[in-house]
Amino acid sequence: MIIDRISFALAHSGKVVETAIRQVLAEQGLKLSHAHVLGLLADRERLSQQALIEELRVDPSVLVTLLNVLEGDGLVARRRDPSDRRRHVVEISERGTALVVQVDRAVQAAEVELFGGLDEQELATLRRLLDRVKGARTDACAD
């Protein structure tokens, strides 16, 4: 039966997790797409707009819309790249970094609630399996 399929279980579990994450983000005034951009910038400090487009796999107009909101809220800054004036780089602000820390704590708390029934080894296994599924999917899309 379809409800016994792992894809169905993952889709349902994914919805539960996504709902919890969206709620946490909404409490901070963020959408999932905003948090994704901020997370990337928090990890890498600065990225070119082109690198963000490639990483997020979005149309340039979508990225500009996201960055307009984030920049308007003082969470990121766009600047011309000093080494190549044709490129723009995006940097996370101190305020953006502080917000990422807050969001990370809230997401971590939500994960404890969602995955509290799993021990560390089970969580590590789940992460590895999901990374493999994601990798296989990415490879299939590239073909």
*Asks:* For residues 114-124, dump all side-chain donor-acceptor pairs below 3.5 Å to protein atoms at least two apart in sequence or in another chain.
*Replies:*
residue : atom : partner : partner atom : Å
D119    : OD1  : Q121    : N            : 3.0
D119    : OD1  : E122    : N            : 2.7
E122    : OE1  : D119    : N            : 2.8

*Asks:* Below 4.5 Å, heavy atoms only, C-beta onward: do L56 and L40 meet side chain to side chain?
*Replies:*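 A side-chain contact exists here, since the closest heavy-atom pair is under 4.5 Å.
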*Asks:* Kindly list each side-chain donor-acceptor pair under 3.5 angstrom involving residues 19-31, sequence neighbours excluded, with atom names and distances?
*Replies:*
residue : atom : partner : partner atom : Å
T19     : OG1  : K15     : O            : 2.8
R22     : NE   : E18     : OE2          : 2.7
R22     : NH2  : E18     : OE2          : 2.7

*Asks:* Which residues satisfy the side chain to side chain donor-acceptor pair (under 3.5 Å) test with S48, sequence neighbours excluded?
*Replies:*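 Testing S48 for side chain to side chain donor-acceptor pair (under 3.5 Å), a comparison that skips the adjacent residues, returns none.
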*Asks:* Hey, quick one: are V17 and L126 part of the same hydrophobic cluster, counting side-chain heavy atoms closer than 4.5 Å, chains of contacts allowed?
*Replies:*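 Yes, V17 connects to L126 through the hydrophobic network.
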*Asks:* With sequence neighbours left out, what residues match S7 under side chain to side chain donor-acceptor pair (under 3.5 Å)?
*Replies:*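 S7 satisfies side chain to side chain donor-acceptor pair (under 3.5 Å) with no residue once adjacent residues are dropped.
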*Asks:* Got a sec, which residues hit side-chain contact (heavy atoms from CB on, under 4.5 Å) with V100, two or more places apart in sequence or on another chain?
*Replies:*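 With neighbours one apart ignored, the set is L38, A42, I92.
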*Asks:* Under the rule for salt bridge (charged side-chain N to carboxylate O under 4.0 Å, His left out), what residues qualify as partners of D73, not counting sequence neighbours?
*Replies:*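 Testing D73 for salt bridge (charged side-chain N to carboxylate O under 4.0 Å, His left out), a comparison that skips the adjacent residues, returns none.
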*Asks:* Which residue pairs pass the side chain to side chain donor-acceptor pair (under 3.5 Å) test when at least one of the two sits in residues 33-45, sequence neighbours left out?
*Replies:*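 Counting only pairs at least two positions apart or across chains, the side chain to side chain donor-acceptor pair (under 3.5 Å) contacts touching residues 33-45 are R44-E55.
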*Asks:* To the closest 0.5 Å, what do you measure between CG (L67) and CG (L52)?
*Replies:*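 Taking CG in L67 and CG in L52, the distance rounds to 6.5 Å.
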*Asks:* Starting from V107, can I reach L99 by hopping between I/L/V/M/F/W/Y residues whose side chains sit under 4.5 Å apart?
*Replies:*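 Result: yes, single cluster for both.
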*Asks:* Among all residues two or more places apart in sequence or in another chain, which pass the side-chain contact (heavy atoms from CB on, under 4.5 Å) test with R105?
*Replies:*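 Result, side-chain contact (heavy atoms from CB on, under 4.5 Å) vs R105: V101.
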*Asks:* Considering only heavy atoms from C-beta outward, does the side chain of R79 approach that of E91 to under 4.5 Å?
*Replies:*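 Yes - at least one pair of side-chain heavy atoms lies under 4.5 Å apart.
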*Asks:* State which residues pass side-chain contact (heavy atoms from CB on, under 4.5 Å) with H12; sequence neighbours excluded, sorted by chain then number.
*Replies:*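 H12 satisfies side-chain contact (heavy atoms from CB on, under 4.5 Å) with V16 once adjacent residues are dropped.
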*Asks:* Please list, chain by chain and in numerical order, all residues satisfying salt bridge (charged side-chain N to carboxylate O under 4.0 Å, His left out) with R86, sequence neighbours excluded.
*Replies:*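 With sequence neighbours excluded, R86 shows a salt bridge (charged side-chain N to carboxylate O under 4.0 Å, His left out) to D84, given in chain and number order.
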*Asks:* List for me each residue that meets salt bridge (charged side-chain N to carboxylate O under 4.0 Å, His left out) alongside R80, sequence neighbours excluded, and say none if there are none.
*Replies:*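 Scan of R80 (salt bridge (charged side-chain N to carboxylate O under 4.0 Å, His left out), adjacent residues dropped) gives none.
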*Asks:* Under the rule for side chain to side chain donor-acceptor pair (under 3.5 Å), what residues qualify as partners of R78, not counting sequence neighbours?
*Replies:*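 Listed in chain order: N68, E71.
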*Asks:* How far apart are the closest heavy atoms of R95 and G74, and which atoms are they?
*Replies:*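 Of all heavy-atom pairs spanning R95 and G74, the closest is CB-O, 3.7 Å.
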